[in-house]
Amino acid sequence: MTRMRLPSCAFLLLAALLAALPAAVCAGVIVVDPAGGGDFDNIPEAVFHGTADDTVLVLPGFYEVEAGIPYPWPILLDADSPLLVSQGGAAVTVLEGDGTLPAFGVTGGVMDARMFVRGFTFRSVERTVARHIYSYPGGPVRFTDNVVENLPGYYAALNAGSGPDGLIARNVFTGPGDKGIEVGVGFEGVIESNEVSGYSLFGIVGAGAGVVVRDNHIHDNVGAACGIAAYGPLTAYDNLIENNGYAGFMLEGTAYLENNVIRGNGVGVTWPGALVGTVGGYVRMNDIYDNGYNISVPELMYELDFDATTNWWGTNDPEEIADGIWDCHDPMAGFCCIVFEPWCTEPIPGCTPVGIAETTSWGIIKALHRR
């Protein structure tokens with residue numbers, strides 16, 4: 001079918017969901033209609049003919065992810081890949097696979113591939129995007145308003161690579177599978193307002209260069225909710241982290257955790273011992289309760305007093321608070337001591353701090369609380 005370039009800015013006005021796109025997208029809109037009323041009837045062909053200045057607008061329908069078509073899946077991404085967006089959203093625009101192919105791919109040697117995808121359901125695809133090991137770095141990722149129902153296997157539902165200026169937002173990731181969202185060593189960006197559940201290893205995992213994790217609901221994963229080895233700092237706030245089999249946050253390096261609810265996990269917050277750089281940051285103004293251990297740092301070989309003040313621990317009994325923290329006061333627990341005083345007398349918000357305010361004296365008093 002011959003491609004027709006529509007008067008793009010007028011089309012953007014007609015398609016309200018595209019109204020917020022940057023002006024650069026007005027270079028062209030390529031319409032995919034499975035009934036044959038657009039420029040193409042399949043997504044891979046439309047993406048192949050698009051450029052970074054184009055928008056591929058996909059009309060509602062079921063699109064098969066398969067190899068045996070003239071422009072086959074997976075769609076190969078590069079620095080010139082267009083924005084791919086559905087007209088009707090994830091509820092009515094489904095990319096249906098048979099479990100043997102990913103939806104997108106990045107081949108070896110492509111170090112700047114970008115991925116701008118919004119408003120699809122990915123069902124029974126092997127994974128959303130496959131990255132060759134030599135192409136793990138990448139360009140910016142915008143993965144928003146999607147639903148990913150991936151299959152079991154040692155893959156991440158979304159491998160976001162290691163590019164700058166990333167945004168992974170308002171998605172629903174549902175296992176079974178091993179990992180929900182994975183970011184690479186050089187990933188810089190925001191992971192926000194996602195629901196991630198049902199994974200066997202991690203809800204979110206990676207080693208970012210500066211990652212913000214906010215306003216996510218990460219729950220009922222067999223392993224850890226969020227495991228970030230931060231080469232740059234991890235900042236996490238306003239998340240609901242609950243009912244994960246292992247850790248709510250499994251951290252390495254510097255992390256700033258504030259205003260999160262961390263409850264019902266095997267461990268609330270832990271550092272596994274294999275560290276990246278210097279441990280720093282804080283865990284404060286959070287609700288941390290009903291975890292197997294609320295905080296556990298059994299293997300750190302540093303002398304460190306870590307700031308975990310002004311949290312709500314589910315109790316006002318200092319002995320119960322101390323017993324929920326595995327640190328330097330416990331046998332074979334390394335040298336890291338958790339400073340929990342003052343603590344909050346009620347859940348966040350509404351914290352009224354109580355306890356010993358002088359950090360110079362907290363250690364002796366806490367030791368007395370230990371059985």
Asn291 side-chain N/O to Asn265 backbone N/O, donor-acceptor pair under 3.5 Å: yes

message: Let me confirm one number: the CZ-CZ distance from Arg118 to Arg170, rounded to the nearest 0.5 Å.
response: 8.0 Å

- prompt: Would Ile69 and Val47 show up in the same hydrophobic cluster when neighbours are defined by side-chain heavy atoms closer than 4.5 Å?
  reply: yes

task: Would you kindly say whether the two SG atoms, from Cys336 and from Cys328, are closer than 2.5 Å?
output: no

task: For the residue pair Val32 and Tyr63, establish whether any side-chain heavy-atom pair is separated by less than 4.5 Å.
output: yes

field: Exam field: side chain Ser162 to backbone Val185, donor-acceptor pair closer than 3.5 Å
entry: yes

query: When the aromatic ring centroids of Tyr282 and Phe306 are compared, is their separation below 6.0 Å?
result: no

message: Rounded at 0.5 Å granularity, tell me how far CZ in Arg263 sits from CG in Asp290.
response: 9.0 Å

query: Does the side chain of Thr51 come under 3.5 Å of the side chain of Asp53 through a donor N or O and an acceptor N or O?
result: no

- prompt: Where do Pro318 and Phe340 come nearest, in terms of heavy atoms and distance?
  reply: O-CZ, 4.0 Å

query: Would you call the rings of His49 and Phe40 parallel, tilted or perpendicular, where under 30° means parallel and over 60° means perpendicular?
result: parallel

query: Say you draw a straight line from OG of Ser124 to CG of Leu101; how long is it, rounded to the nearest 0.5 Å?
result: 12.0 Å

- prompt: Looking at OG1 of Thr345 and CH2 of Trp312, how far apart are the two atoms once the value is rounded to the nearest 0.5 Å?
  reply: 7.0 Å

- prompt: Which value, rounded to the nearest 0.5 Å, describes the distance between Ile295 atom CD1 and Ile262 atom CD1?
  reply: 8.0 Å

query: Among Asn316, Thr310, Thr315, Thr309, which residue meets the side chain to side chain donor-acceptor pair (under 3.5 Å) test with Trp343?
result: Asn316

- prompt: Do Asp307 and Arg284 have side chains that get closer than 4.5 Å, going by heavy atoms?
  reply: yes

query: Given the rule that I, L, V, M, F, W and Y join up when any side-chain heavy atoms are under 4.5 Å apart, are Phe202 and Val222 in one cluster?
result: no

field: Rounded distance [0.5 Å steps], CD in Glu149 versus OG1 in Thr174
entry: 6.0 Å

statement: Heavy-atom nearest pair, Asp215 first then Asn239, reads N-OD1, 3.2 Å

Any residue meeting salt bridge (Lys or Arg N to Asp or Glu O under 4.0 Å) with Glu320, in chain and number order, not counting sequence neighbours: none

message: Can you confirm whether Val117 sits close enough to Phe122 that some side-chain heavy atom of one is under 4.5 Å from a side-chain heavy atom of the other?
response: yes

message: Check whether Asp327 reaches the backbone of His329 with its side chain - one donor and one acceptor, N or O, closer than 3.5 Å.
response: yes

